[in-house]
Each structure stands twice: as structure tokens, then as C-alpha cells.
Amino acid sequence: MPLLTFDVIEGRSPDQIRTLLDAAHRAVLTAFNVPARDRYQIVHENKAYQMVFQDTGLGFTRSTDLVMVRVYTSPRSEAQKTRFMAELARELHTHCGVAGSDVMISFITNDKGDWSFADGEAQYLTGAL
């Protein structure tokens, strides 16, 4: 049940956004072994001046293809997180032409009881999931 949010610079077409989301979902399926319909994604399009992403002194260059991904999820192992990061970068490069230097990922961890999927019910706590 990871929720992925994407911040991108405006200008991608609806088809390009769909391709990006599909690529990210394949990475989720591969790394986290979740059901296919466990798909929660939000895209925020921003003006270029609203996104400042430097290199933390690592020496790489960003372009206007930048994709910032936040992954809201219950705790995942380091192996799962590492696999997701690699898979997402590979998928975005292969299917969207996004360079690895333009992919930034951050995990935000919460507990399963922090989620309600509908009706104000905490489905993980009630046993529905």
C-alpha cells in the first residue's frame, strides 16, 4: 500500500505522465511484491522556478526532466528500498528517457494503522486487510 507522490516540472503530456506512473507501478510491484491493484499515485506539476534540487555536493547535473518521488509506506527492509530505487530509476530511464541523475526518491514511513482506504475505517486494524 505505498502511496507515491511525484513532483515534476510542468510540460509533460498526459501520455507521458501515464507512462511515468505505469513505470513507477512496475517498480513497486517488483520491489514490494504487492497486489497489482495496490496502486496509489499523485502527480504534482510545478513551474521550473518552484523546484530547486541541487546535488548535495555529489557532482551530478539535473535537467527539467527531474522527477521527485516520495514513497509513503509501512516499514520496508533496506533491501526492498534499495531494489525499489534501482528499479524505479531503470524503469524511468527505459520507458521515459529520464536520466538517473534526474530521479530523486525519499521514503516516508508510517504504520499500517495510519491508513484508511475508505469509509473512515482503518482496514488494517479492523482485519479487513
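We count residues from 1, following the sequence as given. Hydrogens, waters and symmetry mates play no part in the numbers below; they use all other heavy atoms, side chains included.
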J.: Indicate the atoms forming the closest heavy-atom contact of R76 with P2, along with that distance.
T.: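 What the structure gives for the nearest pair is NH2-CD, 3.7 Å.
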J.: Considering non-hydrogen atoms only, spot the tightest contact between A122 and G113 and give its length.
T.: CB-O, 4.4 Å
J.: Is there side-chain contact between H93 and V98, with at least one heavy-atom pair below 4.5 Å?
T.: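 They are not in side-chain contact.
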J.: Indicate if L21 and L4 have the same hydrophobic cluster label, given that clusters are the connected sets of ILVMFWY residues with side-chain heavy-atom separations under 4.5 angstrom.
T.: yes
J.: Starting from the C-alpha separation in whole Å, work towards a yes-or-no answer on side chain to side chain contact (heavy atoms under 4.5 Å, CB included) for L20 and L92.
T.: CA-CA 7 Å; L20 183 144; L92 293 180; 3.9 Å; yes
J.: Decide side chain to side chain contact (heavy atoms under 4.5 Å, CB included) for N46 and E10; before the verdict, give the C-alpha distance in whole Å, the side-chain angles of both, and the deciding distance to 0.1 Å.
T.: CA-CA 5 Å; N46 305 280; E10 64 187 1; over 6 Å; no
J.: Between R12 and D65, is there a side-chain heavy-atom distance shorter than 4.5 Å?
T.: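 Answer yes - side chains close enough.
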J.: Within a 6.0 Å radius of atom CG on D119, are there more than 12 heavy atoms belonging to other residues, nucleotides or ligands?
T.: no
J.: Going by heavy atoms in the side chains, are T73 and M1 under 4.5 Å from each other?
T.: yes
J.: Is there a side-chain contact between I17 and F6, using heavy atoms and a 4.5 Å cut-off?
T.: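 Side-chain contact under 4.5 Å: no.
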J.: Can you list the steps and then say if R39 with D22 is a side chain to side chain contact (heavy atoms under 4.5 Å, CB included)?
T.: CA-CA 10 Å; R39 185 173 180 168; D22 290 347; 2.7 Å; yes
J.: Quick check for you: to the nearest 0.5 Å, what is the distance between Q54 atom CD and R62 atom CZ?
T.: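 Q54 CD to R62 CZ: 9.5 Å, rounded to 0.5 Å.
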J.: Between the side chain of D7 and the main-chain N/O of M68, is any donor-acceptor distance below 3.5 Å?
T.: no
J.: Do the side chains of Y124 and D111 get nearer than 4.5 Å, heavy atoms only?
T.: no
J.: With distance as the sole test, does S116 use its side chain to make a donor-acceptor pair with the main-chain N or O of E121 at under 3.5 Å?
T.: yes
J.: Please determine whether side chain to side chain contact (heavy atoms under 4.5 Å, CB included) holds for the pair K81 and E78, giving the CA-CA distance in whole Å, both sets of side-chain angles, and the decisive distance to 0.1 Å.
T.: CA-CA 5 Å; K81 290 189 278 189; E78 294 299 318; 3.2 Å; yes
J.: Less than 4.5 Å apart, side chain to side chain, heavy atoms only: is that true for Q41 and V28?
T.: no
J.: Hey, any chance V103 and L66 share a hydrophobic cluster, counting ILVMFWY side chains that come within less than 4.5 Å of each other, even indirectly?
T.: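 No; tracing contacts between hydrophobic side chains, which count when under 4.5 Å, never links both residues.
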J.: Flag yes if I9 and M104 sit in one hydrophobic cluster, no otherwise; membership is Ile, Leu, Val, Met, Phe, Trp, Tyr, and two members link when side-chain heavy atoms are under 4.5 Å apart.
T.: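 Cluster IDs for I9 and M104 match.
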J.: Rounded to the nearest 0.5 Å, what separates atom CD1 in I42 from atom CG in L3?
T.: 5.0 Å
J.: Just verifying a value: how many Å separate H95 NE2 and E91 CD, rounded to the nearest 0.5 Å?
T.: 4.0 Å
J.: Check the hydrophobic clustering (I, L, V, M, F, W, Y; side-chain heavy atoms under 4.5 Å; chains of links allowed) and say if I105 and M51 are grouped together.
T.: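 No, it is not one cluster - the side chains of I105 and M51 are not joined through contacts under 4.5 Å.
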J.: Sequence neighbours left out, what pairs pass ring pair (Phe, Tyr, Trp, His ring centres under 6.0 Å) with at least one residue falling in residues 20-55?
T.: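 Checked against ring pair (Phe, Tyr, Trp, His ring centres under 6.0 Å) - neighbours excluded - the pairs reaching residues 20-55 are F32-F84, Y40-F117.
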J.: Rounded to the nearest 0.5 Å, what separation is found between the CZ atom of R90 and the CZ atom of R83?
T.: 9.5 Å
J.: Can you tell if the side chain of L29 reaches within under 4.5 Å of the side chain of V34, non-hydrogen atoms only?
T.: yes
